[in-house]
Protein chains: 2
Amino acid sequence: MQIDLDLLYSWGGITKEYKKNEIIFYENTTARFYYQILEGCVRLFNTNDKGKEFTEAYFWCGDSFGEPPLLIDKDYPASAVALRDCTIIRLPKESFLKILEEYPCIQKHFLDLMADRVHSKIMFSKDIINQKPEFRINAFLKAQKNCDNDEKWLVPYTRQEIANFTGLRVETVIRVFLKMKDANKIELVNHKIYY
Amino acid sequence: MQIDLDLLYSWGGITKEYKKNEIIFYENTTARFYYQILEGCVRLFNTNDKGKEFTEAYFWCGDSFGEPPLLIDKDYPASAVALRDCTIIRLPKESFLKILEEYPCIQKHFLDLMADRVHSKIMFSKDIINQKPEFRINAFLKAQKNCDNDEKWLVPYTRQEIANFTGLRVETVIRVFLKMKDANKIELVNHKIYY
DNA sequence: CGGTTCCTTGAGGATGATCAACGAGGGTGG
DNA sequence: CCACCCTCGTTGATCATCCTCAAGGAACCG
């Protein structure tokens, strides 16, 4: 959980409902609000000229998203869409900045959050840029699993979603999974992936 | 300029000299210090298993670097190397964190800095991941030029450096530049690139 | 059942990576 | 002034591989 809900409401936060697939904000538009998820799940993504989408991140209940442009006065570098029906608290940019100013420990919280984002972006780009498809997918899965136990883990993403995260095509993802199965790196049980 | 020098010294900062090509810290090691450049230039980069390098960023006089791991208690995701002889102030992690706590406006400064890093990483990955070589190089050059004037700008990077920034190979970079010249997108004057 | 959404397979083609040489310029020292 | 070295740039040929396009199959849900 990011900012305390009562605090958000007292500073002018309002809850908004978004339907599945509804766009919350568009790439290249001005950032006016701080968003924090009460319920649901949000995808941050870019679209390139050919319509291919690249997923930057998913955000879940309790997460905030789209903060950097509020802090540095730039347009959104990505769009945000509701992955399913969502309830989200929205706070005007000015109030958000005031809160940061007012509460150093909240400011510290966001500093740590941003540091973590930078860190994971670097981890990610390092894995993604140079490497072969199997390496990319492995890196993605490892990052998602995050806990280190050896239990097999049911991957909660479709092949298309993984393709969008890794910058690959669905067919490539499917073929890599077949190879990984043959090499005993994953298990496939009626199309479900266990890593 | 990041943190005031007198402040750094009073909190236990010391200046260190690094020779050209000297490593300042290594990937996958523990972060113990805050670094701020007095003189020189630093490259942050990853190496993959085949020895290919990917450049995350360059840092110049006045910049700080390698802060995120200090804040989130993780190992460095990249190595830092002196691009030329450098003078750098080094401050123990604990002092750095104390300063942030003590001076909210410095904390805010780093919050903005991290937000900016996240922003540029997203801009970057969006351009890099999906796109063709020419698109990547264009995106890189545009991001570096940053000021929007139409003046031709002498690109201050070697082809190899651009390759390391974009995840391409030197030969590919060279061939793209040839194509771009033919299309009048750049000028080449005795091997120098004007964009 | 009918409609989605997701998964799978095959064939073909484009394109970057790779490898191997060579060229060009700049600096240094004899 | 020349010889050498070192870094950077250039070119061509070959190859592996991922993308593309097209089609069909499987699972799930109302």
Side-chain angles (χ1 to χ4, degrees), chain A residues 19-21 41 43 48-55 81 83-85 127-140 154-182 186-195, chain B residues 20-21 43 47-55 81 83-85 127-141 154-182 186-195:
Chain A
K19 287 279 159 218
K20 180 176 173 176
N21 293 327
C41 177
R43 183 169 76 105
N48 77 5
D49 23 333
K50 292 201 211 76
K52 189 176 171 186
E53 293 186 355
F54 175 69
T55 301
V81 62
L83 265 182
R84 59 178 85 125
D85 292 357
D127 292 329
I128 294 291
I129 301 273
N130 276 315
Q131 308 283 353
K132 307 230 150 275
E134 181 173 342
F135 196 99
R136 291 195 198 186
I137 292 178
N138 241 315
F140 170 74
L154 172 59
V155 177
Y157 298 100
T158 68
R159 284 140 178 82
Q160 182 63 60
E161 286 179 308
I162 295 172
N164 288 342
F165 265 112
T166 52
L168 301 168
R169 303 260 85 164
V170 205
E171 298 93 329
T172 304
V173 172
I174 288 169
R175 283 165 187 145
V176 168
F177 277 141
L178 286 184
K179 268 204 307 183
M180 290 174 74
K181 192 191 72 174
D182 291 345
I186 58 167
E187 281 170 35
L188 290 177
V189 182
N190 82 21
H191 303 157
K192 294 191 200 324
I193 304 152
Y194 292 87
Y195 179 73
Chain B
K20 180 175 175 181
N21 293 327
R43 182 169 76 105
T47 312
N48 77 6
D49 24 335
K50 291 202 213 74
K52 189 176 171 187
E53 293 187 356
F54 176 70
T55 301
V81 62
L83 265 183
R84 61 179 84 123
D85 291 356
D127 293 329
I128 295 291
I129 301 275
N130 276 315
Q131 308 280 355
K132 307 229 151 277
E134 181 173 341
F135 196 99
R136 292 196 198 185
I137 291 177
N138 241 315
F140 171 73
L141 294 177
L154 172 59
V155 177
Y157 298 101
T158 68
R159 285 141 179 81
Q160 182 63 60
E161 286 179 308
I162 295 173
N164 288 342
F165 265 112
T166 52
L168 301 168
R169 303 260 86 164
V170 205
E171 298 93 327
T172 305
V173 171
I174 288 169
R175 282 164 186 143
V176 167
F177 277 141
L178 286 183
K179 269 205 308 185
M180 289 173 74
K181 192 192 72 173
D182 290 344
I186 57 168
E187 280 171 35
L188 290 177
V189 182
N190 82 23
H191 304 156
K192 295 191 199 323
I193 305 152
Y194 293 86
Y195 180 73

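Since the model is a prediction, treat every value here as computed from it, not as a measurement. Numbered from 1 within each chain, the chains take letters A, B, ... in sequence-line order.
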Pairwise 5' ranking along DNA chain D for A:Asn190 and A:Val176, keeping only the more 5' one: A:Val176
Which nucleotide wins on minimum distance to the side chain of A:Glu171, given the candidates D:dA22, C:dC19, D:dG9? D:dA22
B:Glu134 CD to C:dG16 C1': how many Å, rounded? 14 Å
In whole angstroms, how far is the C1' atom of C:dT8 from the CZ atom of A:Phe177? 14 Å
Whole-Å distance between C:dA17 P and B:Gln160 CD? 12 Å
Just how far, in rounded Å, is P of D:dG25 from CZ of A:Arg159? 18 Å
Here the gap from B:Gln160 atom CD to B:Leu168 atom CG, rounded to the nearest 0.5 Å, amounts to 11.0 Å
Would you mind telling me which of D:dT10, C:dT8, C:dT9 lies closest to the side-chain atoms of A:Ile174? C:dT8
Out of D:dG9, C:dC6, D:dC19, which has the shortest distance to the side chain of B:His191? D:dG9
Atom pair distance, as rounded to whole Å: NZ in B:Lys179 and C1' in D:dT11: 16 Å
Got B:Phe54 and B:Lys52 here, is their nearest side-chain heavy-atom distance under 4.5 Å? no
Calculate the interatomic distance between A:Lys132 atom NZ and C:dA17 atom P; express it in whole Å. 10 Å
When the distance from CG of A:Leu188 to P of C:dT9 is rounded to whole Å, what number comes out? 10 Å
Output for pair (A:Ile137 CD1, A:Asp127 CG), nearest 0.5 Å, gives 12.5 Å
Answer yes or no: side-chain N or O of B:Arg175 and base N or O of D:dG12 forming a donor-acceptor pair under 3.5 Å. yes
Mapping B:Val170 and A:Lys192 to their closest nucleotides on DNA chain D, which lands nearer the 5' end? B:Val170
Picking from D:dT11, D:dC8, C:dG16, the nucleotide nearest the side-chain atoms of B:Pro133 would be C:dG16
Going through the checks in order, is the side chain to side chain contact (heavy atoms under 4.5 Å, CB included) test met by A:Asn138 and A:Met180? CA-CA 10 Å; A:Asn138 241 315; A:Met180 290 174 74; 3.9 Å; yes
For side chain to side chain contact (heavy atoms under 4.5 Å, CB included), just list the numbers for A:Ile193 and A:Arg159, CA-CA rounded to whole Å, side-chain angles, deciding distance to a tenth of an Å, and then say yes or no. CA-CA 9 Å; A:Ile193 304 152; A:Arg159 284 140 178 82; 3.6 Å; yes
For A:Thr172 and D:dC18, is the shortest distance between a side-chain N/O and OP1 or OP2 below 4.0 Å? no
Figure out the NZ/P separation between A:Lys52 and D:dC21, and round it to whole Å. 12 Å
